[in-house]
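Read through the structure below, which is laid out as structure tokens, and then see the notes.
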Protein chains: 2
Amino acid sequence: MATIYEVSEAAGVSLATVSRVMNGNTKVSDRTRKKVETAMAELGYQPNAIAQSLASNRTNSVGLLVSELHGSYFGDLMSTVEQALKQYGKHVIITAGHVDEKREHDAIEFLKSRRCDALILHAEAVSDEYLTTLCKSDLPVVVINRKVDGLDDHCFVVDNEKGGYLAAQAAIQQGHKEIGYISGPKFKKDASDRLAGHRRALTEAGIEAKDDHIFEGDFHESSGQEGMHYLKQHFPDITALICANDEMASGAMTAAREAGLEIPQHLSIVGFDNVLFSRYLYPKLTTINNPIQSLGEMAARWVLKNVYDTKINHAIEHLFVPEVVERHSLSKR
Amino acid sequence: MATIYEVSEAAGVSLATVSRVMNGNTKVSDRTRKKVETAMAELGYQPNAIAQSLASNRTNSVGLLVSELHGSYFGDLMSTVEQALKQYGKHVIITAGHVDEKREHDAIEFLKSRRCDALILHAEAVSDEYLTTLCKSDLPVVVINRKVDGLDDHCFVVDNEKGGYLAAQAAIQQGHKEIGYISGPKFKKDASDRLAGHRRALTEAGIEAKDDHIFEGDFHESSGQEGMHYLKQHFPDITALICANDEMASGAMTAAREAGLEIPQHLSIVGFDNVLFSRYLYPKLTTINNPIQSLGEMAARWVLKNVYDTKINHAIEHLFVPEVVERHSLSKR
DNA sequence: ACACTCTTTGTAAGCGCTTACATTTCAGTG
DNA sequence: CACTGAAATGTAAGCGCTTACAAAGAGTGT
């Protein structure tokens with residue numbers, strides 16, 4: 001593999017000149033530039049990004065931490081972030097934390113050791129303190145889908161409480177009064193926020209928010225099934241079921257159908273997230289749009305603006321508001 | 001950020017010694033090791049992976065090219081590869097090629113410039129020649145889901161022809177005789193292989209393989225819908241529909257339902273790939289399992305074995321055989 | 001006490017670039 | 001034609017590591 005040195009020899013110029021035509025930040029006469037470019041082409045020269053990074057202390061890569069590499073939610077996120085950065089010649093290095101404190105921590109340390117220019121974190125398991133320390137260091141960091149006190153301009157979040165509120169409100173507006181809820185793990189901030197919104201909507205509508213109508217799931221499909229079984233068995237008069245994410249809604253749908261319930265005739269179901277497959281479901285799932293792509297794009301923009309001094313027209317927003325996506329799984333009582 | 005030099009000072013040893021305790025490949029006395037480790041801990045030292053790579057000419061990272069970062073198929077692939085490599089302390093750098101020759105090419109060049117130790121490519125758009133050249137270079141390369149002549153031990157593939165055959169056979173065994181087919185883009189090898197298998201099954205069963213029963217889609221959901229419309233309109237007597245992937249099967253299901261057809265009572269549908277969401281569909285999709293995860297895992301093993309000299313017990317297989325996953329969308333005619 | 005071997009540690013060159021600073025080139029001027 | 005200063009190019013230090021090689025220590029046997 002040719003090095004810059006060989007190029008400089010072939011072109012009959014110094015190393016520095018070759019470096020200059022590569023980076024284009026210093027004036028080089030047209031004649032020399034031509035010579036260098038020819039030499040590069042002839043040798044099939046390809047700069048060694050590692051050496052460039054070491055010398056310039058800039059890697060042109062942004063670390064992205066997600067919880068999983070599969071699943072619609074993270075797929076959408078990765079895709080958006082990658083697209084946004086690629087436009088400006090920046091690359092993402094993706095790692096998965098698997099919602100485990102140690103693994104998230106390791107993944108972040110890995111990204112740091114690779115000397116990413118910035119970090120975009122969808123971190124669910126590490127502590128607020130750790131994130132705070134990280135943000136205070138000189139490595140630029142943004143946090144997605146999690147609000148950490150004191151780090152507001154580093155956080156990009158969805159108003160989960162409002163989302164929970166909207167879902168419940170949608171059901172109430174259709175005349176439902178006996179409403180079941182399958183929540184995410186309550187220790188997760190987004191799960192508890194959604195639930196809080198749900199409760200608020202019920203209360204405002206004068207409906208008692210009964211604790212035993214709430215089943216705590218784990219955001220996975222199977223717990224949606226479990227939740228459905230539980231609720232159907234104990235509270236057969238429930239006419240609407242709200243799930244804290246689409247995966248669980250899908251599980252609940254399956255379980256409901258197996259129990260002989262038609263959706264939405266016998267039971268209305270509302271999801272949350274609006275992941276891609278929610279429209280593959282039958283009936284198509286009424287859900288709350290979680291603008292994860294907007295979050296990702298905004299986070300990428302923040303990095304471009306604050307780290308790479310790219311001129312970005314759009315303003316940087318930190319709070320995103322979810323909305324109802326009306327499809328076919330919710331109907332009048 | 002502390003450097004190795006500062007650690008060596010703090011520990012009162014030379015640079016080389018610090019490097020040795022980090023890499024653990026040379027004997028260092030226990031006493032010195034302790035001193036160094038203490039100094040590292042005190043300084044919160046974190047090796048600079050970039051500098052390590054430059055000096056050692058090894059990055060401990062494997063480049064992975066996929067077509068998209070979202071979607072179940074690639075999600076599963078990325079996830080498996082990452083898991084397999086992480087176990088041995090190796091990392092993946094993921095890039096997307098978007099099934100576009102230039103973008104795939106650029107992505108591969110990017111991975112090369114990052115000096116990955118090996119490349120795992122799910123490349124659909126670049127030419128066979130390019131891949132051949134790549135494999136002949138000294139950078140280890142494996143190709144997933146594509147067979148290139150002369151590169152057999154670098155390729156990991158699914159027997160798509162067999163898969164196509166099995167799907168058709170499954171429908172035939174249920175008594176279907178009028179069978180529609182929604183294919184992928186015929187210029188894609190996997191799409192044409194699947195179709196070839198389909199034809200063979202029909203022929204063997206003494207059913208005429210009518211060309212106009214075949215609709216060429218693009219592997220996306222919408223073209224499944226289009227295909228369904230086309231077939232339903234022109235050949236209303238079709239009782240089974242086979243789709244070259246699950247996305248299109250999903251689209252076809254929606255379109256069928258909108259046209260008032262019950263699945264599988266009025267129309268049986270078979271998919272291909274067995275991506276995660278195929279079991280979220282209603283009715284759950286009968287499909288052909290595409291062992292993409294096995295491919296990914298095997299590719300990772302190949303790299304571990306051939307590049308990192310890891311001792312791997314399992315033999316390396318290059319051809320994977322698909323099988324029918326019986327669910328609820330295919331029934332007796 | 002000495003020569004000899006085996007271990008442990010240090011020295012210094014280099015990996016392939018970037019960039020501050022020094023030097024050369026050359027058009028423009030009086 | 002010598003002189004000036006801006007533009008173009010070159011020189012060399014250094015980014016933070018690894019590793020071949022050299023040197024020093026620690027045992028051994030006589």
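Residue numbering restarts at 1 for every chain, and letters A, B, ... go by the order of the sequence lines.
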Any B/K136 side-chain heavy atom under 4.5 Å of B/L151 side chain:
yes
Grab the CE-P distance between A/M1 and C/dC17 for me, whole Å please.
10 Å
Using whole Å, what does the distance between atom P of nucleotide D/dC17 and atom CG of B/N57 come to?
17 Å
Plane angle bin for A/Y73 and A/H122 - parallel if under 30°, tilted between 30 and 60°, otherwise perpendicular
perpendicular
Using atom NZ of B/K27 as one end and atom C1' of C/dT7 as the other, report the distance to the nearest whole Å.
10 Å
When the distance from CG of A/D30 to C1' of D/dA8 is rounded to whole Å, what number comes out?
12 Å
Under 4.0 angstrom, heavy atoms only, what part of the nucleic acid is A/T32 near: base, sugar-phosphate, or nothing?
sugar-phosphate
Does B/Q52 put a side-chain nitrogen or oxygen below 4.0 Å from OP1 or OP2 of D/dT18?
yes
A/R146 and A/D190: CA distance, side-chain angles, deciding distance, salt bridge (charged side-chain N to carboxylate O under 4.0 Å, His left out) verdict:
CA-CA 8 Å; A/R146 171 164 169 179; A/D190 48 1; over 6 Å; no
Contact class for A/V28 vs. all strands (heavy atom < 4.0 Å): base, sugar-phosphate, or nothing?
sugar-phosphate
Considering only heavy side-chain atoms of B/M22, the closest of D/dC17, C/dT11, C/dC17 is D/dC17
Rounded off to whole Å, could you give me the NZ-to-P distance for the A/K35 and D/dT9 pair?
8 Å
Pick out the pairs of N or O atoms, protein on one side and nucleotides 19-27 of chain D on the other, that lie under 3.5 Å.
residue, atom, partner, partner atom, Å
D/dA20, N6, B/R20, NH2, 3.4

Between A/Q46 and B/R33, the residue closer to the 5' end of DNA chain C by nearest nucleotide is B/R33
Rounded to the Å, how far apart are B/N60 CG and D/dC17 P?
15 Å
Would you say B/S67 and B/E124 are linked by a side-chain donor-acceptor pair, where the criterion is simply a distance under 3.5 Å?
yes
Tell me whether the side-chain N/O atoms of A/T3 come closer than 4.0 Å to OP1 or OP2 in C/dG16.
no
Just say parallel, tilted or perpendicular for the rings of A/Y130 and A/H105, cut-offs at 30° and 60°.
tilted
So which nucleotide from D/dG16, C/dT18, D/dT11 ends up closest to the side chain of A/I4?
C/dT18
Give the rounded distance in Å between these two atoms: OH of A/Y5 and P of D/dG10.
13 Å
Could you tell me whether the phosphate oxygens of D/dA8, OP1 or OP2, come under 4.0 Å of any side-chain nitrogen or oxygen in A/T26?
no
How long is the line joining CZ of A/R58 and C1' of C/dC17, in whole Å?
16 Å
D/dC17, OP1 or OP2 - any side-chain N/O from B/Y45 closer than 4.0 Å?
yes
Audit row: B/K34, B/E37, salt bridge (charged side-chain N to carboxylate O under 4.0 Å, His left out) steps and yes/no:
CA-CA 5 Å; B/K34 283 271 152 53; B/E37 280 167 351; 5.9 Å; no
Closest non-hydrogen contact found for A/P47 with B/S113 is O-CB, 3.8 Å
